[in-house]
Amino acid sequence: FAAAPAFAARTAEQRAALAAAEHRKRVDARATAAAKALARQRIEERLRQVSLEEARQRQLGELAEDSSQRCRRAVAAGEAAVRRVEALHAALLLCGAAEAEAEAE
């Protein structure tokens, strides 16, 4: 029976050690879960940033294409205006020549 108290003490130490180990496992599990949740949040935030950046890039591309089309239309309109002015100038020259011819007769 003398070994019984030593056995009980060893068993109590073992139970305390097991309880401490279980406690550490629970703390580690909570810390791991918190770290995973934080990592997931950061990943989701980065995905949102990437999505926003992609949307901005698409929008800029569309604006650039729209601007390019407007520039092409403006150039075409300017070229048409130049042709009209040249036609009017030619008509005025013909009118001037016709007047000069009429006065010469």
Side-chain angles (χ1 to χ4, degrees):
F1 290 110
F7 177 74
R10 196 168 2 137
T11 304
E13 287 173 11
Q14 289 171 345
R15 283 194 304 261
L18 283 174
E22 286 297 319
H23 177 71
R24 280 192 303 274
K25 278 176 41 178
R26 285 192 300 275
V27 168
D28 288 348
R30 279 188 239 132
T32 300
K36 284 180 180 179
L38 182 60
R40 194 175 307 114
Q41 265 183 333
R42 288 180 178 162
I43 289 168
E44 289 170 354
E45 178 59 28
R46 183 64 185 135
L47 286 173
R48 277 192 291 281
Q49 289 173 352
V50 167
S51 294
L52 286 173
E53 185 59 29
E54 287 174 348
R56 282 188 204 110
Q57 291 298 325
R58 274 194 310 276
Q59 192 175 31
L60 286 174
E62 290 168 2
L63 288 173
E65 181 60 30
D66 185 46
S67 178
S68 178
Q69 287 176 357
R70 281 186 293 190
C71 286
R72 283 192 295 273
R73 284 194 299 267
V75 166
E79 290 171 346
V82 166
R83 286 190 299 274
R84 285 192 302 274
V85 167
E86 288 172 344
L88 286 172
H89 184 254
L92 285 173
L93 289 175
L94 287 175
C95 286
E99 282 179 2
E101 188 178 319
E103 287 178 8
E105 289 180 359

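It should be emphasised that the depicted structure is a prediction, and the values quoted were computed from it without experimental measurement.
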A.B. asks: Output the distance between atom CG (Asp66) and atom SG (Cys71), rounded to the nearest 0.5 Å.
C.D. replies: 9.5 Å

A.B. asks: Which pairs of donor and acceptor atoms, one on a side chain in residues 81-90, lie under 3.5 Å apart (sequence neighbours left out)?
C.D. replies:
none

A.B. asks: Could you give me the CA-CA distance, side-chain angles and deciding distance for Arg70 and Ser67, then say whether side chain to side chain contact (heavy atoms under 4.5 Å, CB included) is met?
C.D. replies: CA-CA 5 Å; Arg70 281 186 293 190; Ser67 178; 4.0 Å; yes

A.B. asks: I'd like to know whether Arg72 forms a salt bridge (Lys or Arg N to Asp or Glu O under 4.0 Å) with Glu65, so could you lay out the CA-CA distance, the side-chain angles of the two residues, the decisive distance to 0.1 Å, and finally the verdict.
C.D. replies: CA-CA 10 Å; Arg72 283 192 295 273; Glu65 181 60 30; 3.5 Å; yes

A.B. asks: Only pairs under 3.5 Å count here: list side-chain donor-acceptor contacts from residues 18-40, not counting sequence neighbours, and write none if there are none.
C.D. replies:
residue : atom : partner : partner atom : Å
Thr32   : OG1  : Asp28   : O            : 2.8

A.B. asks: With rounding to the nearest 0.5 angstrom, report the CZ to CD distance, Arg42 to Gln49.
C.D. replies: 12.0 Å

A.B. asks: Passes side-chain hydrogen bond (donor to acceptor under 3.5 Å, both in side chains), Glu45 versus Gln41? Steps please.
C.D. replies: CA-CA 6 Å; Glu45 178 59 28; Gln41 265 183 333; over 6 Å; no

A.B. asks: In Å, rounded to the nearest 0.5 Å, how long is the span from CD of Glu53 to CG of Leu60?
C.D. replies: 8.0 Å

